[in-house]
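Order of the sequence lines fixes the chain letters, A, B, ..., with proteins taken first and strands second; residue numbering starts at 1 for each chain.
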Amino acid sequence: MIDLKYLQKNFDEASAKLSKKGVDTEILENLKSLFANLKEANSSLEIAKAEQNKMSKLFGEYIREKKDISELKLKVDANKEVIAKLQATANEANSALQSIALAMPNFPDDSVPEGTDEDDNVEIKKILEPRIFDFEPKEHWALAEVNGWIDFERGVKLAKSRFAVLRGDAARLERALISFFLDINREKGFEEVYVPFINNSAMLQGTGQLPKFEDDLFKIEGEDLYLIPTSEVPLTNLYHDEILTAKELPILLTSYTPCFRKEAGSAGRDTRGMIRQHQFDKVEMVAITNPNESEAVFKIMVDNASDILTRLGLPHRAVELCGGDLGFSAATTIDLEVWLPGQNKYREISSISNTRDFQARRAKIRFKDGKKNVLVHTLNGSALAVGRTLVAIMENYQNEDGSIEIPEVLKKYM
RNA sequence: GGACAGUUGGGUGAGUUGGCUGAAACCACAUCCCUGCUAAGGAUGCGUACUGGUAACGGUACCGAGAGUUCGAAUCUCUCACUGUCCGCCA
């Protein structure tokens, strides 16, 4: 959630920031006045309650002293009605504010480039040269068929479209990649964590998936539970509603989980192949930091994800997302895109974001900074998306006959 | 899934004949003092959030969550969640 006090005090600045993300000034005006309404409603309510508390105390004294209470009772009853009305007004003001405030995206950093969509993203650097093929490289689904690695039809039979089955060496490679990623992250100081793949609504609200993106989630029927769309949710919310000590920061976590997404709104996109599935594996990094070190940790996370791709010998590039392409919770994001020779283009394989205090405010994650409780910064990033790495290996390591080499660093895992 | 018991501040844990308890005590923690040797003694402070005030210092809310009874609820009623124990089931 954005800082409403900041919005109130620096409206023009805040509005300029959010316009980068395509948020209309009108909605912000509305939010600002709702906030003012709530404060006003609360303050008159509190005055009436203070009065009521005082009279109630007096009431007790009168009874002990056996004084007549009939007059006081009348006053207290009248005030009670006033309170009920003020309370109703305050409740209304609060829910009106909440529904808009929770749907408001994070402020982008000032350094974030202007732009409306992915075409405006800025390439920062390229790492490793794409291999020159002396034959026409195939796309991964063609290679999958040659090798019997991926059974798309049976995946659909078992569940529905956008589900797939991995077989044989593909299944083993998937498992090898997970171990490889976790091992490297652990070497870099990230604690390995194993978490529930189902989380409740409070957690999903904490990281920003709810209430706005409910349609993207698989919900458990009849329960307040959802399949996680990323392990960012359980890892970040590990510290939901907690106050940490300064010396335990930064907290660096990594976890493997499957991720479940409905991909609402992606109809027709990447329908072929493994790029966009309802269920996919991902190894995630999450960092909980002191605000003054989130910048440095962000760099470490980007470098780590890039290092993993380099060790796998996969050509990739780093791209800074423009305001319009930035996610809901992110203040800044760098995507790593891996080269897919079969598709002849770069495709996202990791996305690393600093959400600053946006998620921390929602999830109430703070630390003791001296005497004060201060919101932490939370960061998240993939290291890496497993299915897409499998695809990248297939396309980059293919031979003319369709067979696929296993990258050197993975051999010990297979 | 069934039965019973419980849910209080960072931890342990008082308080449940409704008001004087936002909350004893102990531990932990912080600062200071003493001491000087690795362990101990003393003083003070110490829940969270919002809100008024330059500040000093006030106000409101929170004793698992929500609703109710009452002038007034941690204390009474209801619903739900969670934890524990026993039974059932099960990898």
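Contact between the side-chain N/O atoms of Lys80(A) and the OP1/OP2 oxygens of G72(B) is found at a separation under 4.0 Å. Applying the 4.0 Å criterion to OP1 and OP2 of A49(B), one finds that Arg366(A) has a side-chain N or O inside that range. Proximity of Lys368(A) to the phosphate of U48(B): a side-chain N or O atom is located under 4.0 Å from OP1 or OP2.
Residue Lys247(A) is classed as having no contact, given no heavy-atom separation below 4.0 Å to the nucleic acid.
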Please output the side-chain donor-acceptor pairs of residues 407-414 of chain A that fall under 3.5 Å, not counting sequence neighbours, one pair per line with the distance.
from, atom 1, to, atom 2, distance (Å)
Glu408(A), OE1, Lys411(A), NZ, 3.2
Tyr413(A), OH, Asp183(A), OD2, 2.7

Compile the donor-acceptor pairs under 3.5 Å between side chains in residues 381-388 of chain A and protein atoms, sequence neighbours left out, one pair per line.
from, atom 1, to, atom 2, distance (Å)
Ser382(A), OG, Ser351(A), N, 3.0
Arg388(A), NE, Ile275(A), O, 3.0
Arg388(A), NH1, Glu348(A), O, 2.9
Arg388(A), NH2, Ile275(A), O, 3.0

Polar pairs (N or O, both sides) under 3.5 Å between protein and nucleotides 76-79 of chain B?
none

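Side-chain atoms of Thr245(A) and Glu248(A) form a donor-acceptor pair, as typed in the model, at a separation below 3.5 Å.
Both Asn53(A) and Lys5(A) lie near RNA chain B, and the one whose nearest nucleotide falls closer to the 5' end is Lys5(A).
Regarding Leu225(A), its CG atom lies at a distance of 12 Å from the C1' atom of A81(B), rounded to whole Å. Between Asn94(A) atom CG and G66(B) atom P the separation is 12 Å, expressed in whole Å. Atom CG of Asn200(A) and atom C1' of A65(B) are 13 Å apart (whole Å).
A 4.5 Å side-chain heavy-atom check between Met274(A) and Ile150(A) finds at least one atom pair inside the cut-off. By the 4.5 Å heavy-atom criterion applied to side chains, Asp357(A) and His377(A) are counted as neighbours.
The aromatic rings of Phe358(A) and Phe328(A) stand perpendicular to each other, their planes meeting at an angle above 60°, with 30° marking the opposite boundary.
Near RNA chain B, meaning a heavy atom under 4.0 Å away, the residues from residues 41-51 of chain A are Glu46(A), Lys49(A), Ala50(A). Near RNA chain B, meaning a heavy atom under 4.0 Å away, the residues from residues 69-77 of chain A are Lys73(A), Val76(A), Asp77(A).
With respect to the salt-bridge test (charged N to carboxylate O, under 4.0 angstrom), the residues Arg356(A) and Asp109(A) qualify.
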- prompt: Starting at the 5' end of RNA chain B, what dot-bracket string do you get if Watson-Crick and G-U pairs under 3.5 Å are bracketed, crossing pairs use [ ], other-strand pairs use | and unpaired bases use dots?
  reply: ((((((((.[[[..)...(.....]]].(((((.......))))).((((((....)))))).[[[[[..)....]]]]])))))))....

